[in-house]
Amino acid sequence: MRLVFLGAPGAGKGTQAVKLVRKIAVPHISTGEMLRELRGGDSPLSREIAGYLDSGQLVPDDKMNEAVRARLAKGDTAGGFVLDGYPRTVAQAQALAQTLSENGQTLDAVVFFNLHRHVAVERLSGRRTCESCGANYHVKFNPPKNNTCEQCGGELFQREDDRPEIIKRRFEVFQEKTADLVDYYTNKGKLIEVDATAGPQEVYSRMLKALGLSA
Ligand code: AP5
């Protein structure tokens, strides 16, 4: 399956992507994760990316399109993929369609995780991420035992962009630049909406049902 996961910050895209790729055995391509890996260095590019991430701004379309095009050219995507956090603008959606068309492919569906903003803000404010493997926890909804990562024992930290003022900016950016994709993909007959206002397992069940997959 070739899928895009769409939703506001904190809607649960990453959480659901991790669960689904275990089941359908395709790569999970998170552009946020790709960017966080790139920001780690000390190059001008790393510093530029850190500037976008830490202020809640989008990385320019041309850079993102190039990075995703290169990622989709890798052999492991032949059987499908879950794209998490891309596209985020109509220009990115058009670039993705172009890339897929050149590969003789189309998207199967765009899953839109719909969640009220105040719930998403609570999820982001309590998120803790493993610095080693990137696993996500939540201080209230999915608390880690012993305050370390249960999968690899890594230290947990709060993402720089999960600070209140940056969360606010990310929601503004979502409204300004990304929300139009709901209509864009609805008009293309690709959008599947999932009510994300429930615990992770219930949201997962809803998503499987919406995609026509067995539990
Ligand atoms: P990115 O990392 O993609 O951030 P985001 O879209 O804001 O999404 P999040 O990762 O914050 O949330 P999520 O929906 O994945 O929720 P999660 O499952 O983690 O991007 C970061 C930045 O990179 C952007 O701001 C931008 O600068 C840049 N960027 C990325 N892609 C780009 C692009 N295409 N173009 C330009 N720039 C780009 O869940 C959140 C929390 O809630 C966790 O603690 C989790 O445990 C908890 N949780 C999840 N589901 C549930 C549930 N059902 N019930 C209770 N708790 C839950």
Side-chain angles (χ1 to χ4, degrees), residues 4-21 28-39 48-69 71-72 82-96 111-130 134-144 149-151 156-163 166-179 181 194-207:
V4 161
F5 279 12
L6 178 65
K13 304 178 293 295
T15 300
Q16 295 301 325
V18 167
K19 290 166 92 65
L20 184 63
V21 299
H28 171 200
I29 303 175
S30 158
T31 45
E33 211 43 58
M34 284 164 65
L35 292 166
R36 280 186 287 280
E37 277 167 25
L38 278 175
R39 71 167 289 172
E48 185 188 344
I49 287 172
Y52 292 118
L53 293 180
D54 295 349
S55 61
Q57 301 293 336
L58 295 188
V59 172
D61 288 338
D62 54 344
K63 284 198 168 61
M64 292 312 305
N65 293 337
E66 201 183 312
V68 172
R69 172 184 276 269
R71 180 62 187 86
L72 292 180
V82 174
L83 262 177
D84 163 10
Y86 178 96
R88 252 175 158 93
T89 64
V90 170
Q92 291 183 11
Q94 290 165 340
L96 175 62
V111 183
F112 171 49
F113 295 94
N114 199 356
L115 185 67
H116 197 283
R117 177 172 167 162
H118 78 267
V119 184
V121 169
E122 187 184 13
R123 289 186 187 175
L124 291 175
S125 311
R127 171 165 54 191
R128 297 294 180 270
T129 302
C130 173
N136 276 326
Y137 297 87
H138 191 282
V139 292
K140 183 168 157 192
F141 304 126
N142 179 21
C149 179
E150 290 169 20
Q151 293 177 33
L156 303 180
F157 73 102
Q158 183 165 32
R159 266 169 51 175
E160 194 63 28
D161 59 347
D162 282 346
R163 289 180 290 127
I166 308 300
I167 290 176
K168 183 168 175 285
R169 183 68 196 128
R170 287 162 65 199
F171 274 96
E172 289 163 359
V173 169
F174 177 79
Q175 278 310 325
E176 283 164 23
K177 307 216 163 141
T178 309
L181 289 178
V194 171
D195 177 0
T197 323
Q201 197 53 38
E202 172 59 21
V203 175
Y204 183 60
S205 301
R206 291 175 187 177
M207 173 181 66

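Just so you know, ligand 1 is whichever comes first in the structure, and atom 1 is the first atom listed for that ligand. Values below: all heavy atoms of this structure, side chains included; hydrogens, waters and symmetry mates excluded. Position 1 is the first residue of the sequence, and the numbers go up from there.
Shown here are the ring-ring contact (aromatic ring centres under 6.0 Å, His included) partners of Y52, two or more places apart in sequence or in another chain: there are none. F113 pairs by the ring-ring contact (aromatic ring centres under 6.0 Å, His included) definition with F5, not counting sequence neighbours.
The distance criterion of under 3.5 Å between nitrogen or oxygen atoms is met by Q57 with respect to ligand 1. On a distance-only criterion, N142 and ligand 1 share no N/O pair closer than 3.5 Å. Residue G10 has at least one N or O atom closer than 3.5 Å to an N or O atom of ligand 1. Every N/O-N/O distance between M64 and ligand 1 stays at or above 3.5 Å.
Counting protein heavy atoms only, atom 22 (C) of ligand 1 is closest to L53 CD2, 3.5 Å. Atom 5 (P) of ligand 1 has its closest protein heavy atom at R88 NH2, 3.3 Å.
Under a 4.0 Å heavy-atom criterion, A11 is in contact with ligand 1.
Residues L53 and E160 fail the side-chain proximity criterion, which asks for heavy atoms closer than 4.5 Å.
One finds the CD1 atom of I49 at 9.5 Å from the CE atom of M34 (value rounded to the nearest 0.5 Å).
Ion pairing between D54 and R163 fails under the 4.0 Å rule for side-chain N and carboxylate O.
For R128, no heavy-atom contact with ligand 1 is shorter than 4.0 Å.
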